[in-house]
Structures are given as structure tokens and as C-alpha cells.
Protein chains: 2
Amino acid sequence: MDTGIANLLGALSLAVMDRIEQGARDVVGRGGETPAALIVIGYGRGMTNDKLRRILDLSHSGTVRLVDRLVTDGLVERRPGKDGREVALHLTTKGAASRKELLASRISAVASLLDVLSPAETKRLGTLIHDLLARQDTSEMDRFTICRMCDDQCCSNCPLPTSKGKGDR
Amino acid sequence: MDTGIANLLGALSLAVMDRIEQGARDVVGRGGETPAALIVIGYGRGMTNDKLRRILDLSHSGTVRLVDRLVTDGLVERRPGKDGREVALHLTTKGAASRKELLASRISAVASLLDVLSPAETKRLGTLIHDLLARQDTSEMDRFTICRMCDDQCCSNCPLPTSKGKGDR
DNA sequence: AATAATATGTGCGTAGCGCACATATTTGGT
DNA sequence: ACCAAATATGTGCGCTACGCACATATTATT
């Protein structure tokens, strides 16, 4: 039955995210979208509060407070953006280190589940997931949202389709 | 590279859980572990506060308050347990209906991502995920935790190994 | 019977978030 | 050049979901 496979993927995804979130909390001491924010701020220059808000799918005020927490923790700096309204978000040295640790923790968490498969099985699984993601109908923003925890290398080789006709800027 | 596949599975899992959680919130009007609690209470008779706590991996007080919310919402009843200390948690009619809707929402959310694959690909993916889960080293409690959002049919045909030597009670 | 273990409930605080509102800057129409 | 709309940020306030420490009731152990 088809729903049986959906159920399996749901269970696996839950197990994966439980482990990722636990590791992330251990690394940055915060939960919710805060770890994702650290990663997102790190991978794009010129990240602003408002772009971040859309990627994390939070309210505006929620995003401001999230950045407040990152600033309090010494992980992020608010600098003046080129557009006088914008705030340019930059990682501090400490923030960049935490981000790196966070990404490593995430990969390690997933890999620990994955390593019961043989190399051949792993490769087949990778191909299937790649195709599954590549065929999704995603907007530019969906893509950033799905990849908000991705390791940098991911988005240099990202299977998610770039929807043309919606220029980023 | 192996970490590339871990990254893909991480991204997919995030996308899957985003959709499941959004749907769950739409159905029950609550977030966090509350939807999972509704499912867990529904699939085992004799569910107690303490068993629930361990399955959801929450603190004791967090679990009590979670059940408070479910009772307030008219989804769950506290009945006297056979052991005079225990509270037996039971779904109300409304609770059972919400639970059913919740499970359907979850399957639908996952299926909407999955349906870009051909039947053959879907089947291969199902086999891989099944094996991946079946080979995990899970305790009895891990198993309940991973399956805390599972549709009933899952755990009648669950790939997760039952660790013998750790009796349930 | 006394002590420990088990199970639940409560006071209190915190993290993470949303809504409504206020403010500053830029853009666009006239 | 001017004024309205759009854009981007920050703030007051409240709520949900949760944890810690403590209190209480019941059962198990010795």
C-alpha cells in the first residue's frame, strides 16, 4: 500500500529531525528556528531580518527577537545595510565557529542513522532522495526554507529546482 | 561523498516534518508534542501520564500540562487507573475523530512529497527506508518514540526491531 | 510498620513565538 | 518637489509549550 511507504518516510523523518534538533540544542543552547537562523545567516552575504523571516517562516517580531538572542549570545552582529532601512546580519567569529559545529553535528546525527545501510544501498537511497527533491515544485523561497539547515556544499549542488521567472533580486 | 547523502536526507526530513507539523497544527490547533500525544493516547489502551512522558521525551510536569490542554480541548478524559496512582488516559469521541483526521493529514502531507516518484521508485524507496529502520539498534522506548506519530497500521507491521530482554512491564 | 519507589499534580519561571502598533527609510505617482 | 504607498525594522504585550523544584498520594519492599 502506498500510504505504508508514506508512513515509513514520516517515521524516518521524525527520527532524523529528533536527532538533528537535539544536537543543535546541545551546540547552540537554543531551540526552535534559532539554529537554522545561524546557518542561514552564515551562508548568504547581505542577509537581512526580512529575508530571514521569509526563509524561516516566522513572524516579523519573532525574527527580530530571534536575532536579539543571537546577538545576546555573541553569535551575530547587526551592521548597517546599504539600504538605510535594512540591517545587515553578520556572524561573529564565535558565530561562525558555532555554525560549523552545528553543521557537523547535523551531518553526524543523520549519518549515525544512515550507516546501517551498505554503500550500495546508501547510494541508491541518495539517488532516490535526490530525484524526489529535484522533482518538487518549489519556489525560490521554498528552496531556501527546505535548505535552511543544509551544509554549504548542499546548495552548491542542490537538487531543488530553481524556479525561473522569480528572480531573487 | 557520504555526507552529501546525509545532507539530502536531512533536508528531506526537514521538509517532511515542516509539512506534517503544519498540518497537525491546523487540525488540533496546538503544536509541540501535543499532536503526537493524541496519537499515542489513541493507540494503546491503558496509557498513563508516565508512559506518555517517556514516549514523548518530555518532563513530568510538561506532560501533565500537555494532558491538561487535551482535557481542556475536550479530546481526552482522565479516568482512574487500576493502580490507584495511575491515571488512565482515554480519548473522547471528539478526540478519536481529531486523531483520525491528524493521521490522515500526516499521510497526505508525506504523500504529496512522495508522489513525484514512479511506483517503482516509491517501492524501492520504501524498501530502503524499511531496511534502514529495521537495522537500527532501538530500545522498546525508542521504538515508541519514533512511532509516536505513526498511523496504526504501521505498528502492526513495524520495521523497528523489538529488543528482547527488556520486557515492557 | 517504616522506608523507598512510583505516579501524579502544582507554583513558578523561561524560551520562543505572534499580533498590533510605532517608526524610519525608500519608492512611485502627480 | 511633494505626498502617499511600500518596505524594513523595532517594541509592548500576551500566549503556548515547556522545565525545575516541590508537594502529595498510592503501592512495593524490607
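Here D:dA17 presents its C1' atom at 17 Å from CZ of B:Arg53, a figure rounded to the nearest Å. Taking atom CG of B:Asn49 as the reference point, atom C1' of C:dT6 lies 13 Å away to the nearest angstrom. Atom C1' of nucleotide C:dG16 and atom CD of B:Glu21 are separated by 14 Å, given to the nearest angstrom. Remark: P of D:dG12 and CZ of A:Arg65 are 8 Å apart, rounded to the nearest angstrom. A straight line from CZ of B:Arg25 to C1' of C:dG16 spans 11 Å, rounded to a whole angstrom. Residue A:Lys51 contributes atom NZ, which lies 10 Å from atom P of D:dT9 at whole-angstrom precision. Note: CG (A:Leu56) to C1' (C:dG16) measures 13 Å, nearest angstrom. With rounding to whole Å, A:Asp68 atom CG is found 11 Å from D:dG12 atom P.
Comparing atom distances between the A:Thr34 side chain and each of C:dC17, D:dA8, C:dT10 picks out C:dC17 as nearest. Side chain of A:Glu33, nearest nucleotide from C:dC17, C:dT8, D:dC18: C:dC17. The nucleotide whose nearest atom lies closest to any side-chain atom of A:Asp50 is, among D:dA8, C:dG11, C:dG16, D:dA8. Nearest to the side-chain atoms of B:Leu58 among the listed nucleotides C:dG16, C:dT8, D:dC18 stands D:dC18. When the nucleotides C:dT10, C:dG16, C:dA7 are ranked by their closest atom to the side chain of B:Val64, C:dT10 comes out on top.
Using a 4.0 Å heavy-atom criterion, one finds that A:Asp83 contacts the sugar-phosphate atoms exclusively. Counting any heavy atom pair closer than 4.0 Å across all strands shown, A:Gly81 reaches no nucleic acid atom. Counting any heavy atom pair closer than 4.0 Å across all strands shown, A:Val87 reaches sugar-phosphate atoms only and no base atom. Nucleic acid contact for B:Thr48: sugar-phosphate only, since backbone atoms but no base atoms lie under 4.0 Å from a heavy atom of the residue.
In the interface, the side chain of A:His60 is not paired with the base of C:dG18 through any donor and acceptor atom under 3.5 Å apart. In terms of polar N and O atoms assigned as donor or acceptor, the side chain of A:Ser59 never comes within less than 3.5 Å of the base of C:dC19 in a complementary pairing. Taking 3.5 Å as the limit, the base of C:dT8 and the side chain of B:Arg85 contain no donor-acceptor pair of atoms between them.
Where A:Ser61 and A:Gly84 meet DNA chain C, the nucleotide closest to each residue was compared, and A:Ser61 sits on the side nearer the 5' end. For the pair B:Val67 and A:Leu66, both in contact range of DNA chain C, the more 5′-proximal nearest nucleotide belongs to B:Val67.
Residues B:Val64 and B:Val87 fall into different hydrophobic clusters, defined by Ile, Leu, Val, Met, Phe, Trp and Tyr side chains chained together at heavy-atom separations under 4.5 Å. The hydrophobic cluster containing A:Met149 does not contain A:Ile107, counting ILVMFWY residues as joined when their side-chain heavy atoms lie under 4.5 angstrom apart, directly or transitively.
Here the closest non-hydrogen pair linking B:Met17 and A:Leu14 is CE-CD1, 3.5 Å. When all heavy atoms of B:Leu133 and A:Leu12 are compared, the pair lying nearest together is CD2-CD1, 4.2 Å.
An OP1 or OP2 oxygen of C:dC17 is reached within less than 4.0 angstrom by a side-chain nitrogen or oxygen of A:Arg69. Dashed line: the shortest gap from a side-chain N or O of B:Arg54 to OP1 or OP2 of C:dA7 is under 4.0 Å. For B:Arg78, a side-chain nitrogen or oxygen approaches OP1 or OP2 of C:dG9 to under 4.0 Å.
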Next item on the list: Evaluate the side chain to side chain donor-acceptor pair (under 3.5 Å) criterion for residues A:Asp142 and A:Thr145: first the C-alpha distance (whole Å), next the side-chain angles of each, then the deciding distance (0.1 Å), finally the verdict.
Entry: CA-CA 5 Å; A:Asp142 290 337; A:Thr145 298; 5.5 Å; no
Next item on the list: Begin from the C-alpha positions of A:Gln22 and A:Asp26 and carry the test side chain to side chain donor-acceptor pair (under 3.5 Å) through to its verdict.
Entry: CA-CA 6 Å; A:Gln22 183 56 54; A:Asp26 290 346; 3.0 Å; yes
